[in-house]
Amino acid sequence: MKEYKIFDENGNYAVILPEKGATVISFCSNGTEMFYKDMDNINSPERPRCGIPFLFPVFGRTPEDSIYPMEIHGFGHTSQWTVLEEKENALLVELKANDETRKVYPFEFCVQLVFSIENGRLNIRQIYENTGSVDMPYAFGFHPYFAVKPTEVSVKVDAELEIDMKTGKPVPYDGHPVRIEFPEGAPESGGFFMQAKNEALLVVNNKELHMEFDENFNRLVLWTVKGKEFLCVEPINSSPNGLVTGDCYRLAPGEKKEAVVSFYII
């Protein structure tokens, strides 16, 4: 599996695997590795569960009897992407509809990801295009695994609402920094924020890990597993199974949409 490494003028770098879902498996900024790496997972046929997996065309799970019977988070993160252009500080990859994608998602599409790095900042620009003749429902997001000890990090989120984990209902979010706790016997922990804006900030060991996103992402999911040294902070734009419920984006035939996320450390 070929690794593609991009650099900026200061030696900061990122490593991308087009053959494994165009997943960023490493980003080193100002001498610090930002993301959790699991080489056993990377070298296995399993979906990527480290770095920055890309989610498309659905977030979460779809029911087995769904009209779009995909695995969790769609097929963007498990597909082989084509490299279109490689530069020292940038990489352009592409995924188009094919016989396998049409089995679970009967739409014609082209998605391009442009990875670039400059002044210690990793940018991922996305270009979504409906190349078919009918409207195309779709959702997208990222699943970054930040390399932190979950219970030692504080997360600052700019959002209007959060999901009450006891009732499952949205409630006003007062902006308090989020601390990860594991209820007794719970193997996982996290949170869900709606009407999110602009940025999520992780503060750990006197470092600030920044993730910025544009208006195309309006929700954030926090997730981790007890005993693991990662915290996922996921910018998304739909609810789980949004393709079926209608809580997703739509592209008209020939229409394109662009979006951007960025990562850096201070």
(message) Checking R49 now: which residues fulfil side-chain hydrogen bond (donor to acceptor under 3.5 Å, both in side chains) with it, not counting sequence neighbours?
(response) none

(message) Counting only heavy atoms from other residues, nucleotides and ligands, does the tally under 6.0 Å from CD of E71 exceed 12?
(response) no

(request) Please go through V114's hydrophobic cluster and name the other residues, only I, L, V, M, F, W, Y counting, with side-chain heavy atoms under 4.5 Å joining them. (result) L84, L92

(message) Give me each pair satisfying salt bridge (Lys or Arg N to Asp or Glu O under 4.0 Å) with a member in residues 107-127, each pair once, sequence neighbours excluded.
(response) R102-E108, R121-E212, R125-E258

(request) Using the test ring-ring contact (aromatic ring centres under 6.0 Å, His included), find all partners of Y173 that sit at least two apart in sequence or belong to another chain. (result) H176, F193

(message) Going by the rule side-chain hydrogen bond (donor to acceptor under 3.5 Å, both in side chains), which residues pair with N218 if we only count those two or more places apart in sequence or in a different chain?
(response) none

(request) Name all residues meeting the side chain to side chain contact (heavy atoms under 4.5 Å, CB included) criterion together with V134; count only those two or more places apart in sequence or in a different chain, and write none if there are none. (result) F107

(message) My understanding is that only residues two or more places apart in sequence, or in another chain, count here; which of them pass side-chain hydrogen bond (donor to acceptor under 3.5 Å, both in side chains) with K96?
(response) none

(message) So, using ring-ring contact (aromatic ring centres under 6.0 Å, His included) as the criterion, who are the partners of F230 when residues are at least two apart?
(response) Y36, Y145, W223

(message) Restricting to side-chain hydrogen bond (donor to acceptor under 3.5 Å, both in side chains), what partner residues turn up for T82, sequence neighbours left out?
(response) none

(message) Show every salt bridge (Lys or Arg N to Asp or Glu O under 4.0 Å) that has at least one partner inside residues 237-255, sequence neighbours left out.
(response) R219-D247

(message) Tell me which pairs pass salt bridge (Lys or Arg N to Asp or Glu O under 4.0 Å) where either residue lies in residues 135-161, with sequence neighbours left out.
(response) E160-K197

(request) Any pair with a residue in residues 76-87 that passes salt bridge (Lys or Arg N to Asp or Glu O under 4.0 Å), sequence neighbours left out, goes on the list, sorted by first then second residue, please. (result) E85-K87

